[in-house]
Structure formats: structure tokens, C-alpha cells
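Data block below; observations after.
Computed from a predicted structure; not experimentally measured. Quick note on labels: first sequence line is chain A, next is B, and so on, each numbered from 1.
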Amino acid sequence: MSGIDECLLEAMRLPGARGAALVEWVSGLALGVVGEAPGGDHEAMAAEAAEFARSAAELPVFGAPQEPAGTRTGTPDDSGAPVEDVIVLGRGGYHLLRFLEAPYEGGVFLHLWLDRDQANLALSLMRMRDLSERLVLD
Amino acid sequence: MLVRLAERRATGALLRDTGVLYLADGVVVHAESPAAPGIDVLLTADGRLPQEQWREAMDAAGPGCRIAGYLVDHGRLSGGELEIRHLSALYDAAYFVLAPDGGPSRFRHGAVHWFGRVRPVGVADVERETRRRRRYLAGLWPHAHLDSAPPVRRRGARLPPVTRRQRDVLDLADGRHTPARIATLLGRPAFHTLVDIRRLAAAGHLETGVPASGRIPAAAGAPANGTAAGTATPGTTDPLTPDRTPFTVLDIADGRDVAVLRRLRDALEEHL
């Protein structure tokens with residue numbers, strides 16, 4: 001795989017795929033988008049999904065380390081995202097967010113929007129994991 | 001000016017006081033700013049690319065302005081990872097280059113950046129993202145001077161916990177390091193550091209520019225107080241400032257909580 005666009009286009013080959021994006025969650029930047037976006041606005045979709053991804057990655061209830069200011073209880077290598085995937089089963093479709101494993105300081109995730117009637121959730125999850133790994137390893 | 005350069009499919013460097021935007025055939029291929037860590041810092045700081053491999057790439061491909069191609073061809077980074085990191089750096093620096101107070105623009109035709117072409121982006125995309133980022137920061141905590149002033153930590157037993165990323169920033173908020181310096185020390189994009197600084201300020205962990213006396217001024221006296229205005233242009237209304245100030249915690253039932261009162265005052269001053 002040679003880059004972001006190829007990765008997103010491959011994600012779009014999944015059954016029921018309506019739109020896909022690669023997003024940096026700290027900034028809300030859409031690094032790449034293909035297909036549709038809810039409401040037709042890819043920028044808004046990226047920004048809102050980033051906010052959701054940030055909560056998943058940073059809130060302690062999902063496993064993120066939180067520390068009283070000034071203490072250093074975390075281990076030096078705790079930079080990996082504590083969450084691997086986020087799945088939203090919405091009335092308007094399924095949303096899969098897959099965090100990239102590489103320890104980017106920015107934190108990057110793949111976002112796939114799927115049609116409810118056509119999507120195969122298990123297959124999509126597996127493919128997204130595979131795609132996220134190949135994007136940074138190949 | 002940028003739109004005209006894009007229409008003419010210009011190649012060269014747009015120079016401003018705040019940095020440089022590189023165009024090739026009318027699209028943005030790179031950006032650099034003194035306020036943002038360079039691509040070299042962002043690639044090597046977290047050890048993803050060892051320093052010696054970076055130097056080797058510079059020596060071999062720097063003169064030919066194709067370092068990006070060299071890194072991929074020699075298996076140092078995947079094409080996807082290079083795109084992600086380069087785009088992150090490009091938008092990060094562009095945010096500062098295109099700042100409203102970035103001064104006059106000059107264009108040097110034919111200038112090419114040494115990193116080489118990765119994944120060019122349209123001028124309109126860069127401008128739109130830059131505007132979105134300004135709105136985003138203003139929505140977090142509307143104190144624009146926090147983007148350049150060295151953040152000063154505020155101590156207090158009742159402050160909320162912080163995330164790992166925020167803790168790293170807080171540890172360097174000693175009133176001497178600028179946000180740009182903190183970003184470089186941490187090897188993170190500068191905008192990400194600004195996001196953390198605004199969030200920390202909103203949560204009460206950082207000073208947001210209060211008068212040295214610590215006295216809460218009467219509303220009528222606020223125009224004379226220049227500390228909260230920071231680098232904002234006086235006499236103009238910032239259209240990006242939201243109508244409402246985001247309060248994350250409002251525990252005003254406790255009259256002793258000076259931190260909350262300070263934050264409330266800071267927020268009110270910003271809107272006067």
C-alpha cells in the first residue's frame with residue numbers, strides 16, 4: 001500500500017461503505033477523505049469524530065491514565081492509545097474508528113461510515129485493523 | 001495573493017514574518033515556521049527515525065531536494081506514515097504562516113524546498129483548515145495571547161487531573177519556555193501544544209494573563225487593562241471569538257475558590 005488515498009479507497013471496497021477518512025484527533029485535521037460524509041461535510045465529520053476519538057483515548061473510564069498534576073506515575077512507554085477501536089451503532093449507519101498503532105504524538109485514526117443494511121460489522125472491523133497496520137508498516 | 005498564485009499554478013516560496021509556504025504548480029507542498037517544529041524534529045524526536053538515518057538521508061538526498069523519496073525508497077518509513085507525518089507538519093506550520101498578523105507577503109518564484117514532494121494540498125484546503133484551527137482554539141479558551149506567551153503554571157490542590165499529554169506540557173510551563181519551544185522539546189506539532197495549553201488554561205492549570213495585583217477589576221475599568229488583550233489587535237472585533245465562553249467547571253458555591261473567580265474574570269475581560 002503506498003499511501004493514505006489507497007488505504008481509504010480500499011476501505012471503501014467493504015460492503016456498505018459510504019465514506020472513509022483518516023483523521024488526526026488532537027487537531028481534528030482530516031488527512032484524507034473519500035466518499036460521502038453525513039450532511040455532506042467532510043470537515044465537520046472529521047472534527048466531530050476527532051472530538052469523540054479524543055474522549056475515548058483520554059478519558060480514564062476507557063483506560064487512559066489520568067494523573068493529578070505534578071505527579072509522574074505513568075510509565076515512560078504509555079504513549080500507545082489505550083483504545084483500539086470505537087464502534088458507534090447509529091440509526092443513520094455504523095461508524096468504525098480504528099486508532100493507528102504507531103505512537104504518533106498527534107494520534108491518528110481511520111474512520112469508516114457504513115450503511116446499516118449492507119454492512120458486515122465483523123468483516124469491517126477486521127479489514128480496518130489490517131488496513132491501519134499496513135498503512136504505517138508497509 | 002495565495003489564491004492568485006494558485007490560479008497561475010505558481011512554483012516558489014511565499015515569505016511572511018511568520019514563516020514560509022512552498023508552492024509547486026499552484027499547490028502547497030511544504031510549510032515552515034519559526035513557531036512550529038520542523039519536519040526533521042517531528043520525524044526524529046520520538047525515535048521513529050534515528051538521527052543517523054535522518055542525517056544519512058540529508059547527505060544523500062538533500063542536495064537533490066528529494067529526502068522524502070529517499071526515506072521511502074530506503075524503507076525508513078512507509079509511504080503512508082510519511083504522508084501522515086508530513087501533512088501534520090505542513091498544516092501545523094501553515095497555521096502560523098497564514099496568521100492574520102503575519103505581516104506582508106512576498107513571493108520568491110522558483111524556490112523549492114529540500115524535503116521534496118509528498119502529498120500536496122490545495123491552497124483552499126490549507127486556508128480553510130487554518131481558519132478552522134483558529135475557531136477551534138478560540139472555542140477552547142478565548143485567550144489568543146496564550147499562543148505565544150510562555151505559559152505559567154498555577155498551583156492548587158483543587159485542580160482537576162490532567163492527561164499524559166497535558167502533564168508533559170505542564171511540566172515545561174515555567175514562565176520561560178514559549179509554546180513553540182515546548183512543542184520542539186516534546187517533538188510535537190506546535191498546534192497540538194496550543195490545544196493543550198488552552199485546555200490547561202481553561203481547567204485552571206495555567207495563568208491566563210491576570211494583572212500582577214491579582215485584584216478583580218470593576219467592569220468599567222477593564223479597557224485600561226491590557227494584559228488580557230495580549231497580541232489581539234486593539235480596536236477590532238475578532239469574528240472568531242465565540243459568543244459564549246466555555247466553562248468546564250463552575251463551582252462558585254465555594255467562595256474560597258479564587259481560581260474559579262480568576263478564570264471567570266479572565267473570560268469576562270476577554271469579551272469586553
Side-chain angles (χ1 to χ4, degrees), chain A residues 1-8 22-33 42-44 46-47 50-51 54-55 57-60 64-82 100-108 110 131-138, chain B residues 37 42 45-48 72 75 77-92 95 118-119 121 125 128-129 132-133 135-137 153-157 159-168 170-171 173 183 186-189 191-196 199-200 203-205:
Chain A
M1 195 185 307
S2 62
I4 295 170
D5 286 335
E6 290 81 353
C7 172
L8 294 177
L22 188 72
V23 182
E24 192 181 68
W25 59 255
V26 175
S27 64
L29 167 69
L31 294 157
V33 295
H42 278 288
E43 187 182 299
E51 205 57 27
R54 189 180 70 81
S55 298
E58 290 194 338
L59 291 180
Q66 296 250 327
E67 298 155 24
T71 63
R72 279 201 165 270
T73 55
T75 52
D77 60 349
D78 61 355
S79 55
L100 265 60
E101 281 297 324
Y104 296 113
E105 280 299 346
V108 175
L110 267 172
L131 285 174
S132 70
E133 282 166 15
R134 283 163 52 207
L135 179 59
V136 292
L137 292 181
D138 277 10
Chain B
L42 295 176
D46 60 3
R48 177 66 187 83
V72 174
L77 294 169
S78 75
E81 182 165 7
L82 186 72
E83 285 185 6
I84 291 169
R85 288 181 177 251
H86 182 258
L87 279 175
S88 183
L90 187 159
Y91 279 107
D92 190 47
Y95 171 77
V118 183
R119 189 175 194 269
V121 282
D125 289 341
R128 193 175 57 240
E129 173 66 12
R132 187 193 67 79
R133 289 181 174 218
R135 282 197 306 273
Y136 183 61
L137 286 183
R153 185 167 186 174
R154 192 184 268 172
R155 306 270 178 179
L159 293 171
V162 296
T163 64
R164 183 192 61 85
R165 300 176 42 81
Q166 292 173 340
R167 185 197 63 211
D168 295 340
L170 207 49
D171 286 347
L186 296 176
R188 294 177 187 170
F191 182 78
H192 297 186
T193 307
L194 298 188
V195 169
D196 283 326
R199 287 189 195 281
L200 285 167
H205 284 284

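- A pairwise comparison of heavy atoms in A:Leu29 and B:Leu87 identifies CD2-O, 4.4 Å as the closest pair.
- Between the B:Glu83 side chain and the A:Gly3 main chain, no donor and acceptor come within less than 3.5 Å of each other.
- Under the side-chain hydrogen bond (donor to acceptor under 3.5 Å, both in side chains) criterion, A:Glu43 pairs with B:Arg128, sequence neighbours left out.
- Among all heavy-atom pairs drawn from A:Leu31 and B:Arg119, the shortest one is O-NH1, 3.0 Å.
- Contact record, B:Ile84 with A:Val108: CG2-CG2, 3.8 Å, taken as the closest heavy-atom pair.
- Under the 3.5 Å distance criterion, the side-chain polar atoms of B:Arg165 are left unmatched by any main-chain donor or acceptor of A:Glu58.
- Taking B:Arg199 as the reference, B:Tyr136 meet the side-chain hydrogen bond (donor to acceptor under 3.5 Å, both in side chains) condition, with sequence neighbours excluded.
- Heavy atoms only, all atoms of each residue included: A:Ala47 and B:Arg132 are closest at CB-NH1, 4.2 Å.
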